[in-house]
Amino acid sequence: MKRTTIGIMLAAILLTVTACTSPSSPSTEGERQEQEQEQEVSREEKSPDTPYQMLAEQLKTPWAIDFDGETIYISERGGNIVQIQDGAFNRQSVHTEKPVAQIGEGGFLGFVLAPDFKESRRAFAYHSYDQDGSIMNRLVLLEQKGNEWTEAESFIEKIPGSNVHNGGRIAIGPDNHLYVTTGDSGEGELAQNQENLAGKILRLTLDGKIPENNPTAGSYVFTLGHRNSQGLAWNSEGEFYSSEHGPSGTPGGHDEINEITAGSNYGWPEILGDEQQEGLKTPVYHSGDTAIAPSGIAFDEEDQMYVATLRGQKLYRFQPESTSLDVVLEDEGRLRDVKVYNGKIYVITNNTDGRGVPSDNDDRLLVLE
C-alpha cells in the first residue's frame with residue numbers, strides 16, 4: 001500500500017469537512033477553542049428512523065467507554081465514572097491520592113477495566129493533576145468499592161502535561177499488556193526525547209512493570225514521535241493502529257492514522273504528512289490541510305476501523321487496505337470515543353467540554369446497530 005497515494009485520495013474525500021483556519025501557532029482540538037466556540041454547530045432534528053438509540057444523556061464531558069458484560073462504564077473528565085446497568089444511570093465518584101485537575105484538555109481521561117474485573121473490581125485510569133503549579137499526568141490502578149472507586153496503586157507519575165496535548169488513551173493489547181498514549185504537552189521537541197515520557201505510546205504489564213521485551217530496556221517507551229494520540233486499536237490480525245492530532249496554523253490539519261510497530265519513531269515534530277526522513281515513519285493516512293481531530297478508534301469483526309472525530313464532528317469508517325473512508329454518523333457534534341461490542345457500535349458525544357455547542361440532553365451515549 002502506497003501511503004502517499006492513500007493520503008491524497010483520503011484528503012480529497014474529506015474536503016467537505018470544515019477546514020482548520022486558526023492562526024499561526026501549532027494547535028490541536030483544544031487550542032482551536034476560540035474558533036470553535038464562535039462556530040455554530042447545526043444538528044438536524046432526528047426522525048423516528050434515526051439510525052441509533054440513545055442509551056444515556058446528561059453525561060459530563062465523557063471521555064472513554066468500556067464494558068463488563070452488558071454493563072457499560074464511561075469516564076467523565078471531571079473525575080467520575082458513570083455506570084449504565086439495565087437501563088439505570090449511576091454516577092460514581094473517584095478518589096485518587098492526587099486530585100484530578102480538569103484544566104483545558106486535562107482531567108480524568110483514559111479508563112479501561114482489568115481483564116479480571118468481575119473478580120478484582122479493578123480498572124486502570126489516566127488523569128491530570130497539579131504538581132506545584134504545573135500540570136502532570138499519572139497512570140493509576142483503581143478499585144471499585146460499592147458506589148465509589150478508590151486508588152489502589154500508582155503506576156506512573158509525572159507524565160508531562162499542560163493545558164493541551166495530554167494524550168490519555170488506555171487500551172489492553174492482544175498480548176495482555178497495557179498501552180497508554182501521552183501528548184507532547186505543547187513542547188514538540190519532547191516527543192523526540194527517548195528519556196522523556198511526553199509524546200509517546202507506553203507499554204507496561206498489568207501490574208505496572210516494564211516488560212522485559214520493550215524496545216528499550218528499562219523504559220516504558222514503546223514508540224516515540226507522537227504529537228497527541230487519542231486512539232488505540234488492534235485488528236483481528238493483531239495489527240496495531242493509533243489516531244493522532246496534527247497541527248493547525250500554516251500548515252494545518254495533517255491529522256493521522258498510524259500503524260504502530262515496536263520501537264518506531266513517528267516523526268513529530270521533524271516530519272509532517274507525507275514528508276520522509278530516514279528512521280522516521282510516515283502515517284498510513286493523513287488528512288492533508290483539513291483538520292478532523294481524530295480521537296477514539298475501534299475495529300469491527302470485518303476489520304473496518306471506526307474513527308470518532310472532534311473537529312470533524314463525524315464518525316468515519318476507514319478501511320486501511322482499500323483506502324475508503326465513509327461517513328457513518330454526523331450531525332451529533334463532537335465525538336470523543338467509539339467502541340464495537342457484540343456487533344454494535346457505541347459512540348459518546350463531547351459537546352459539553354466548552355468547545356462544542358451542546359444540546360439540552362448532551363452529552364450522550366449512542367449505539368448504532
Side-chain angles (χ1 to χ4, degrees), residues 52-96 99-103 105-115 117-118 120-129 137 139-152 166 168-172 230-232 295-296 298 306 308 310 315 329 332-342 344-356 358-368:
Y52 66 74
Q53 177 185 0
M54 185 173 67
L55 296 185
E57 58 184 333
Q58 303 296 331
L59 297 168
K60 299 178 181 178
T61 319
W63 216 90
I65 313 167
D66 205 3
F67 300 84
D68 173 37
E70 295 304 310
T71 301
I72 303 170
Y73 290 90
I74 298 174
S75 64
E76 294 182 319
R77 221 169 66 193
N80 295 300
I81 294 170
V82 170
Q83 180 191 65
I84 302 167
Q85 186 175 33
D86 298 327
F89 179 105
N90 182 17
R91 178 169 284 115
Q92 302 174 335
S93 59
V94 177
H95 305 281
T96 52
V100 171
Q102 185 183 2
I103 299 174
E105 292 179 13
F108 190 72
L109 306 177
F111 174 80
V112 64
L113 301 174
F117 176 69
K118 285 188 182 300
S120 70
R121 312 311 294 178
R122 290 188 163 192
F124 308 97
Y126 182 103
H127 78 87
S128 308
Y129 66 101
N137 296 291
L139 179 69
V140 299
L141 180 68
L142 299 177
E143 185 171 342
Q144 185 185 38
K145 297 179 179 180
N147 205 37
E148 297 182 339
W149 296 77
T150 303
E151 181 176 327
N166 290 290
R169 187 65 61 190
I170 306 175
I172 297 174
Q230 292 189 357
L232 297 173
S295 190
Y306 293 86
L310 296 155
L315 177 69
L329 180 69
E332 303 303 328
R334 295 159 60 83
L335 306 178
R336 174 64 72 179
D337 196 18
V338 57
K339 288 289 189 298
V340 178
Y341 186 72
N342 287 344
K344 298 178 181 180
I345 303 166
Y346 295 78
V347 184
I348 45 175
T349 67
N350 204 202
N351 296 313
T352 59
D353 66 350
R355 296 157 191 148
S359 63
D360 290 341
N361 58 353
D362 273 326
D363 270 310
R364 294 159 293 137
L365 170 65
L366 313 176
V367 58
L368 291 72

Looking at [X] and [Y], what are the two nearest heavy atoms and their distance?
X    : Y    : value
L59  : L365 : CD1-N, 3.8 Å
F89  : E57  : CE1-O, 3.7 Å
L310 : S295 : CD1-CB, 4.1 Å
V112 : I170 : CG1-CG2, 3.4 Å
P115 : I172 : CD-CD1, 3.7 Å
F111 : S75  : CB-CB, 3.8 Å

Are the side chains of [X] and [Y] in touch, meaning some heavy atoms are under 4.5 Å apart?
X    : Y    : value
L315 : E332 : no
R336 : R77  : yes
Q230 : W63  : yes
V100 : S128 : no

Counting only N and O atoms by type, is there a donor-acceptor contact under 3.5 Å from the side chain of [X] to the main-chain atoms of [Y]?
X    : Y    : value
N350 : G356 : no
T349 : R364 : yes
T61  : T352 : yes
D337 : I65  : yes
D353 : R355 : yes
Y73  : A64  : no
D66  : L113 : yes

**OP:** For F124, check ring-ring contact (aromatic ring centres under 6.0 Å, His included) against everything at least two apart and list the hits.
**Re:** none

**OP:** Would you please name every residue forming a ring-ring contact (aromatic ring centres under 6.0 Å, His included) with Y126, sequence neighbours left out?
**Re:** none

Point-to-point distance, once rounded to the nearest 0.5 Å, from [atom1] of [X] to [atom2] of [Y]:
X    : Y    : atom1 : atom2 : result
I345 : Y306 : CD1   : OH    : 3.5 Å
R122 : L141 : CZ    : CG    : 5.0 Å
L55  : K344 : CG    : NZ    : 8.0 Å
I74  : Q92  : CD1   : CD    : 11.5 Å
H127 : N166 : NE2   : CG    : 12.0 Å

**OP:** Identify, with sequence neighbours excluded, every residue that meets side-chain contact (heavy atoms from CB on, under 4.5 Å) alongside K145.
**Re:** E143

Subject >> Residues in side-chain contact (heavy atoms from CB on, under 4.5 Å) contact with V94, at least two apart in sequence or another chain >> reply: I81, T96, F108, L142, W149

Original post:
What residues, two or more places apart in sequence or in another chain, satisfy salt bridge (charged side-chain N to carboxylate O under 4.0 Å, His left out) together with K60?
Top reply: none

**OP:** Can you sort out the partners of D363 under salt bridge (charged side-chain N to carboxylate O under 4.0 Å, His left out), two or more places apart, ordered by chain and number?
**Re:** none

**OP:** Please work out whether the ring planes of F67 and Y341 are parallel, tilted or perpendicular, with thresholds of 30° and 60°.
**Re:** parallel

**OP:** Under the side-chain contact (heavy atoms from CB on, under 4.5 Å) rule, what do V82 and E76 come out as? Steps first, then yes or no, please.
**Re:** CA-CA 7 Å; V82 170; E76 294 182 319; 3.5 Å; yes

Subject >> Short N-O contact, K118 and D68, less than 4.0 angstrom >> reply: yes

